[in-house]
A.B. asks: 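Structure provided below as structure tokens; questions to follow.
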Amino acid sequence: MTTLTEPVAPTRVPILELIDVHAAYGRIEVLRGVDLVVPRGAVMALLGANGAGKTTLLRVVSGLMAPTEGHVHLGGVHVNDASPDELTRAGLTMVPEGRGVFPNLSVEENLWVSSYSGQPVERILTEAYTRFPRLKERRRQLAGSLSGGEQQMLSLARALASHPSLLLLDELSMGLAPLIVESLYDSVAEIAEQGVSILVVEQFASSALRVADYAAVMQGGRIVDSGEPGEISDRLSELYFGGSE
Ligand code: ATP
């Protein structure tokens with residue numbers, strides 16, 4: 001049996017695999033047998049209506065919540081019992097819903113804090129400002145006073161500081177204007193081109209589907225459909241928008 005610290009990862013092993021995963025809040029089961037494969041290097045969009053279980057799935061994958069049944073494999077390694085820290089060291093990073101920034105720290109201080117990941121601060125700043133020049137312009141501003149889109153840029157920059165191999169994104173578009181969402185998803189596509197695998201959760205599908213290689217739809221704690229973005233978007237309205245999209 002391999003451990004988290006051993007270099008495994010032959011390229012054909014999926015970066016993430018969930019097999020019959022169940023999870024519950026107390027006695028209420030919210031994940032009810034999730035099977036999902038994210039191939040290495042792919043962008044997978046995980047779609048589904050409010051309450052379908054998408055955030056819970058990300059919490060299980062990132063070690064914040066233990067599955068009650070089933071298996072979670074990261075790069076071929078069984079990680080059901082791994083802590084969030086161990087998973088971060090193994091290459092997994094999550095951008096939580098509602099933006100992972102410290103509002104009372106400046107942009108630059110938020111990036112400094114990311115150096116706990118072991119990367120040198122100068123490198124983190126250079127990479128962040130190259131990817132998001134807007135953050136450089138605002139580097140002395142408190143993160144809490146940035147626009148929503150700028151806060152998401154900062155969350156992404158912080159998440160990328162540890163050079164993850166798998167990035168989990170929860171509702172990147174939450175509360176943002178469509179043009180801002182489009183530009184954030186352009187950044188997601190660029191990050192993917194640089195070799196990072198991405199699992200992105202969205203309630204509203206179109207931006208995520210534009211950059212995704214694959215998509216899966218959750219309903220009632222299970223994956224009820226999956227395939228290429230074109231196929232999924234054709235079937236999506238019947239699946240959970242009741243024909244409204
Ligand atoms: P949303 O877009 O609202 O975040 P989601 O698909 O991400 O939806 P989850 O947040 O995973 O769904 O929630 C799935 C179900 O679990 C919902 O019925 C929700 O009410 C319930 N739930 C979520 N968090 C908790 C909690 N901390 N305690 C109890 N039940 C919870």
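We number each residue from 1, following the sequence as shown. Counting starts at 1 for both ligands and their atoms, in listed order.
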A.B. asks: Looking at CE of Met153 and CZ of Arg138, how far apart are the two atoms once the value is rounded to the nearest 0.5 Å?
C.D. replies: 9.5 Å
A.B. asks: Do any side-chain atoms of residues 48-56 form donor-acceptor pairs under 3.5 angstrom with protein atoms, and if so which ones, sequence neighbours left out?
C.D. replies:
{"unit_1": "Lys54", "atom_1": "NZ", "unit_2": "Gly48", "atom_2": "O", "d": "2.8"}
{"unit_1": "Lys54", "atom_1": "NZ", "unit_2": "Ala49", "atom_2": "O", "d": "3.0"}
{"unit_1": "Thr55", "atom_1": "OG1", "unit_2": "Glu97", "atom_2": "OE1", "d": "3.4"}
{"unit_1": "Thr55", "atom_1": "OG1", "unit_2": "Asp170", "atom_2": "OD2", "d": "3.1"}
{"unit_1": "Thr56", "atom_1": "OG1", "unit_2": "Tyr25", "atom_2": "OH", "d": "2.8"}

A.B. asks: Do you see a donor-acceptor pair shorter than 3.5 Å between the side chains of Ser197 and Arg40?
C.D. replies: no
A.B. asks: Under the ring-ring contact (aromatic ring centres under 6.0 Å, His included) test, which residues partner His22, sequence neighbours left out?
C.D. replies: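 Scan of His22 (ring-ring contact (aromatic ring centres under 6.0 Å, His included), adjacent residues dropped) gives none.
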A.B. asks: Below 4.0 Å from any atom of ligand 1, which residues have a heavy atom? Give them in chain and number order, please.
C.D. replies: Tyr25, Val30, Ala49, Asn50, Gly51, Ala52, Gly53, Lys54, Thr55, Thr56, Glu97, Glu171, Gln203
A.B. asks: Could you pull out all residues at least two apart from Arg134 that satisfy salt bridge (charged side-chain N to carboxylate O under 4.0 Å, His left out)?
C.D. replies: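 Salt bridge (charged side-chain N to carboxylate O under 4.0 Å, His left out) check on Arg134 returns Glu150.
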A.B. asks: Distance-only, no hydrogens or angles: does the Gln152 side chain make a donor-acceptor pair with backbone N or O of Leu172 under 3.5 Å?
C.D. replies: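 Yes; at least one donor-acceptor contact below 3.5 Å.
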